[in-house]
2 protein chains.
Amino acid sequence: MPTPTPARTASARSESIDSIQRELTAVARRARSVTAQIHPGLTLVTYTLLDHLHERGGCRGTDLAAHFLLDKSTVSRQIAALEKLGLVERTADPEDLRGQIIRPSAAGEQLLADVRERRHQAFLDRLVDWPDDDLERFASYLALYNART
Amino acid sequence: MPTPTPARTASARSESIDSIQRELTAVARRARSVTAQIHPGLTLVTYTLLDHLHERGGCRGTDLAAHFLLDKSTVSRQIAALEKLGLVERTADPEDLRGQIIRPSAAGEQLLADVRERRHQAFLDRLVDWPDDDLERFASYLALYNART
DNA sequence: CCTCTTTGGTTGTACTATGCAACCAAAGAA
DNA sequence: TTCTTTGGTTGCATAGTACAACCAAAGAGG
């Protein structure tokens, strides 16, 4: 008589994995559709550039191009667009007169803060009625999952 | 003397939530960078159209346009591109001679199967050394998280 | 049975995002 | 000082998209 347990376990395991794949795919899909409409006049790319400028505390266009694997001409135009919207400011690089340090303007920082606040609030809303220990375990599962390179 | 416990709990809770936000954002970002390079000659849009054709077992261009909120002209050209790549086939709709039923070709189905297999394998690899009950709990957390509309 | 409207699909035109190449100006090397 | 490298802008070509015009088939109303 064959042992029934291993088969049943393997099936349950596979079901869990399939479910995780489905749900994480849904997370990614939802994230994409949400970030699609960040702010009027901002595309996903320009927003990402602006966010990176904030994270780095300002940097040159070449650095952005290298980081996002974009052509420098593309970055140049996007920065020009952001500048026209009043969301970034350029200052000459004191150490290299060819370069410009690009930074979010006050309006740019405000916009980033607003978007972050909205996104964070969305997470809070989603998790509002979760018990503390479930939150903690969920967080550790996700960390473990992402830690796999 | 103020009660220290609530403050400490609130902080730990906030940390868990922040961690969940960080990790789920990372999941979405990784998904985007992976799906960016699905197959030579296929963009994210054409792949998504092809996948939907498979899911629906074939449908008309108008249905695709309605589902993805694309203009029918855009769909028409993308379908033409997919056809030129040999990934879809058109057959006249027997019930309405204006319409065409578009279906993945054998090559298209093969391509979809390959991509699915690769993606599923990536999930398997990531979760290979997880105990069964952790998988199950992780899956249920994700389902619970996504269930919030 | 004949028109008029609706609907599925294609094609022309315009706009945007992007990459490549050419160019300019400043920095650095020989 | 001259030559090469580097940060940035601009000209050009391409791809994806929407809108509008158009065609052909279906359906409605007389």
Side-chain angles (χ1 to χ4, degrees), chain A residues 32-33 35-53 56-85 87-105, chain B residues 32-33 35-53 56-85 87-105:
Chain A
R32 196 163 51 222
S33 73
T35 53
Q37 31 166 344
I38 299 160
H39 197 81
L42 273 195
T43 72
L44 180 57
V45 173
T46 47
Y47 171 77
T48 307
L49 291 179
L50 186 59
D51 186 66
H52 189 70
L53 287 173
R56 292 277 302 268
C59 66
R60 297 170 309 167
T62 302
D63 301 331
L64 291 176
H67 189 262
F68 292 106
L69 298 179
L70 290 170
D71 192 80
K72 54 183 181 169
S73 66
T74 301
V75 171
S76 171
R77 290 182 240 260
Q78 297 295 348
I79 294 300
L82 281 171
E83 190 184 29
K84 186 174 286 184
L85 289 171
L87 298 175
V88 302
E89 289 166 351
R90 318 160 110 120
T91 60
D93 185 343
E95 298 183 355
D96 186 338
L97 292 188
R98 293 169 303 179
Q100 320 167 344
I101 306 295
I102 305 153
R103 287 192 188 78
S105 65
Chain B
R32 196 164 52 222
S33 73
T35 52
Q37 30 166 343
I38 299 162
H39 198 80
L42 274 195
T43 72
L44 180 57
V45 172
T46 46
Y47 172 77
T48 307
L49 291 179
L50 186 59
D51 186 66
H52 189 71
L53 286 174
R56 291 278 302 269
C59 65
R60 298 170 309 166
T62 302
D63 300 332
L64 291 176
H67 189 261
F68 292 107
L69 298 180
L70 291 170
D71 193 79
K72 54 181 180 169
S73 65
T74 301
V75 170
S76 172
R77 289 182 237 261
Q78 297 296 346
I79 294 299
L82 282 171
E83 190 184 28
K84 186 174 288 184
L85 288 170
L87 298 175
V88 301
E89 288 164 352
R90 318 159 109 120
T91 61
D93 185 343
E95 298 183 355
D96 185 339
L97 291 188
R98 292 169 302 179
Q100 320 166 343
I101 307 294
I102 305 153
R103 286 193 187 78
S105 64

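Reminder, nothing fancy here: chain letters follow the sequence lines and each chain counts from 1. Model, not experiment: these values are computed from the prediction.
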Inset, instruction - Check whether any side-chain nitrogen or oxygen of T62(A) sits under 4.0 Å from OP1 or OP2 of dG8(D), and answer yes or no. - result: yes
Legend entry - For the student: nearest non-hydrogen atoms of L53(B) and P104(B), plus distance: CB-CD, 3.8 Å
Legend entry - Exercise: identify the closest heavy-atom pair between R103(A) and G58(A): CG-CA, 3.7 Å
Between [X] ([atom1]) and [N] ([atom2]), how many Å, whole number?
X: K84(A); N: dT9(D); atom1: NZ; atom2: P; answer: 13 Å
X: L85(B); N: dA15(D); atom1: CG; atom2: C1'; answer: 14 Å
X: Q100(B); N: dG9(C); atom1: CD; atom2: P; answer: 6 Å
X: D93(A); N: dT6(D); atom1: CG; atom2: P; answer: 16 Å
X: R60(A); N: dT5(D); atom1: CZ; atom2: C1'; answer: 13 Å
X: E83(B); N: dT10(C); atom1: CD; atom2: C1'; answer: 13 Å
X: L42(B); N: dA15(D); atom1: CG; atom2: P; answer: 15 Å
X: R90(B); N: dG9(C); atom1: CZ; atom2: C1'; answer: 9 Å

Inset, instruction - Give me the ring orientation class for F68(B) and H52(B): parallel if the planes are under 30° apart, tilted from 30 to 60°, perpendicular past 60°. - result: perpendicular
Inset, instruction - Pick out which of I79(A), D93(A), V75(A), I102(A) makes a side chain to side chain contact (heavy atoms under 4.5 Å, CB included) with R60(A). - result: D93(A)
Under-3.5 Å N/O pairs linking protein and nucleotides 16-19 of chain C:
| from | atom 1 | to | atom 2 | distance (Å) |
| --- | --- | --- | --- | --- |
| dT18(C) | OP2 | Q78(A) | NE2 | 2.3 |
| dG19(C) | OP2 | D71(A) | N | 3.0 |
| dG19(C) | OP2 | T74(A) | OG1 | 2.6 |
| dG19(C) | N7 | S73(A) | OG | 3.4 |
| dG19(C) | O6 | R77(A) | NH2 | 2.8 |

Legend entry - Between T46(B) and T43(B): side-chain donor-acceptor atoms closer than 3.5 Å: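 A pair is found: one side chain offers a donor N or O, the other an acceptor, under 3.5 Å apart.
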Legend entry - Side-chain donor or acceptor of T48(A) paired with backbone N/O of L44(A) under 3.5 Å: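 Checked: pair present.
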Inset, instruction - Please determine, for the side chain of R98(A), which listed nucleotide (dG9(C), dA26(D), dG7(D)) has the closest atom? - result: dG7(D)
